[in-house]
Amino acid sequence: MCHYCGCRDIPLIREFIAEHEAVTDLAGDAVRALDAGDPARARALVAGMTDRLRAHWAGEERGLFAVMRENAEYTAYIDALVGEHRELAAFLAALDLDDAADRTAFTRSVDELHAHVAKEEDGLFPASLTELTGDQWNLSMEAWRTVHGKADGAATQAGARDGRGPAAPH
């Protein structure tokens with residue numbers, strides 16, 4: 001993962017990355033639970049992962065993805081990411097961890113999730129630094145806050161770095 005462009009300093013991107021880490025940790029724990037012969041624990045972990053993914057995807061898609069789509073250069077890239085969200089959602093909804101083939105497919109889907117996260121963290125997130133205006137960051141952050149029940153505006157202010165991107169809270 002890239003640590004050079006500075007996107008990790010943007011509060012909204014930092015939130016998305018924290019959500020990615022939480023979801024991939026749950027996914028990894030679920031795989032380990034399956035490997036240890038504990039499908040009940042794996043089911044609970046997958047349920048938590050699924051709930052977090054739903055909120056995460058809503059925050060991305062209603063916020064950052066929506067404003068990045070305003071630039072036609074990113075539309076196909078974002079459409080592919082959203083398609084991957086839908087595919088994983090459908091897979092998780094039909095997942096039966098009592099079925100050996102589904103357990104194998106789940107492990108494969110965890111690897112695909114890591115690849116998906118890299119497309120966001122190493123592709124779209126850095127691109128957002130140069131593409132979005134302060135108003136677009138505000139819209140993106142407000143969408144994230146709304147999805148996460150934090151519509152009180154407590155997270156960030158727009159206007160860092162030459163008026164682009166959100167500033168850290170004062």
Side-chain angles (χ1 to χ4, degrees), residues 1-5 7-69 74-128 139-152 154-156:
M1 256 170 243
C2 163
H3 292 274
Y4 302 105
C5 71
C7 70
R8 292 169 184 275
D9 295 330
I10 303 297
L12 178 60
I13 301 300
R14 193 170 40 245
E15 293 290 350
F16 286 149
I17 291 169
E19 291 170 358
H20 286 163
E21 290 170 352
V23 166
T24 57
D25 286 350
L26 287 167
D29 289 346
V31 169
R32 285 184 287 282
L34 289 171
D35 289 345
D38 190 350
R41 176 159 167 66
R43 272 190 284 284
L45 291 162
V46 169
M49 176 185 135
T50 301
D51 289 343
R52 285 182 181 237
L53 280 171
R54 281 189 198 116
H56 172 73
W57 292 334
E60 283 182 331
E61 292 174 17
R62 294 178 192 167
L64 183 66
F65 288 16
V67 296
M68 288 293 288
R69 256 196 186 110
Y74 297 103
T75 301
Y77 195 83
I78 292 166
D79 287 349
L81 292 173
V82 171
E84 290 174 8
H85 292 174
R86 298 299 175 271
E87 288 172 18
L88 182 55
F91 172 76
L92 291 171
L95 181 63
D96 176 4
L97 291 177
D98 291 325
D99 180 83
D102 275 11
R103 288 192 302 273
T104 300
F106 176 73
T107 300
R108 191 172 45 255
S109 76
V110 170
D111 293 337
E112 292 168 0
L113 178 61
H114 285 282
H116 172 84
V117 165
K119 291 176 194 174
E120 293 180 356
E121 292 186 9
D122 298 338
L124 193 65
F125 293 174
S128 70
L139 289 170
S140 297
M141 189 61 171
E142 191 57 34
W144 180 87
R145 284 186 195 125
T146 300
V147 165
H148 291 285
K150 298 179 183 187
D152 61 1
T156 65

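Values in this document were obtained by computation on a predicted structure and should not be read as measured data. Along the sequence shown, residues carry numbers from 1.
- For the atom pair OG (S140) and CE (M68), the distance works out to 9.0 Å, reported to the nearest 0.5 Å.
- No side-chain heavy atom of E120 sits under 4.5 Å from any side-chain heavy atom of F16.
- Between W144 and L64, every side-chain heavy-atom pair lies at or beyond the 4.5 Å cut-off.
- For R52, the CZ atom counts as loosely surrounded, since its 6.0 Å shell holds 12 or fewer non-hydrogen atoms of other residues, nucleotides or ligands.
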Worksheet item: What's the verdict on salt bridge (Lys or Arg N to Asp or Glu O under 4.0 Å) for R32 and D35, showing C-alpha distance, side-chain angles and the deciding distance?
Response: CA-CA 5 Å; R32 285 184 287 282; D35 289 345; over 6 Å; no
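- When all heavy atoms are compared, the tightest approach of E121 to P126 is O-CD, 3.3 Å.
- Applying the side chain to side chain contact (heavy atoms under 4.5 Å, CB included) criterion to D51, with sequence neighbours excluded, gives R54.
- Shortest non-hydrogen contact noted between A27 and L113 is CB-CD2, 4.5 Å.
- Two residues are said to be in side-chain contact when any heavy atoms from C-beta on lie closer than 4.5 Å; M49 and L92 meet this criterion.
- Within the 4.5 Å cutoff, side-chain heavy atoms of H116 are placed close to those of L81.
- Remark: the backbone N or O of T75 is not paired with any side-chain donor or acceptor of R69 at under 3.5 angstrom.
- Defined by atom type and a distance below 3.5 Å, a donor-acceptor pair is present between the side-chain atoms of E19 and H148.
- Without hydrogens or angle criteria, Y74 side chain to S128 main chain gives no donor-acceptor distance under 3.5 Å.
- From E112, atom CD reaches atom NE2 of H114 across 11.5 Å, with rounding to the nearest 0.5 Å.
- Between I17 atom CD1 and L12 atom CG the span is 10.0 Å, to the nearest 0.5 Å.
- Rounded to the nearest 0.5 Å, atoms CG (D96) and CZ (R43) are 8.0 Å apart.
- The line from CG of D99 to OG1 of T104 is 8.5 Å long, rounded to the nearest 0.5 Å.
- With hydrogens and angles left out, the side-chain atoms of E60 and H56 include a donor and acceptor closer than 3.5 Å.
- When every heavy atom of W57 is checked against every heavy atom of A89, the shortest pair comes out as CZ3-CB, 3.6 Å.
- Annotation: side chain of K119 is in contact with side chain of E84 (closest heavy-atom distance under 4.5 Å).
- In terms of heavy atoms, R103 sits closest to L97 at NH1-O, 3.0 Å.
- Heavy atoms only, all atoms of each residue included: D102 and F91 are closest at O-CZ, 4.2 Å.
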Worksheet entry | salt bridge (Lys or Arg N to Asp or Glu O under 4.0 Å) assessment of R86 paired with D79 | CA-CA 10 Å; R86 298 299 175 271; D79 287 349; over 6 Å; no
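- Separating the CG atom in D29 from the CG atom in L34 is a distance of 11.0 Å, to the nearest 0.5 Å.
- Heavy atoms only, all atoms of each residue included: A42 and A30 are closest at CB-O, 3.7 Å.
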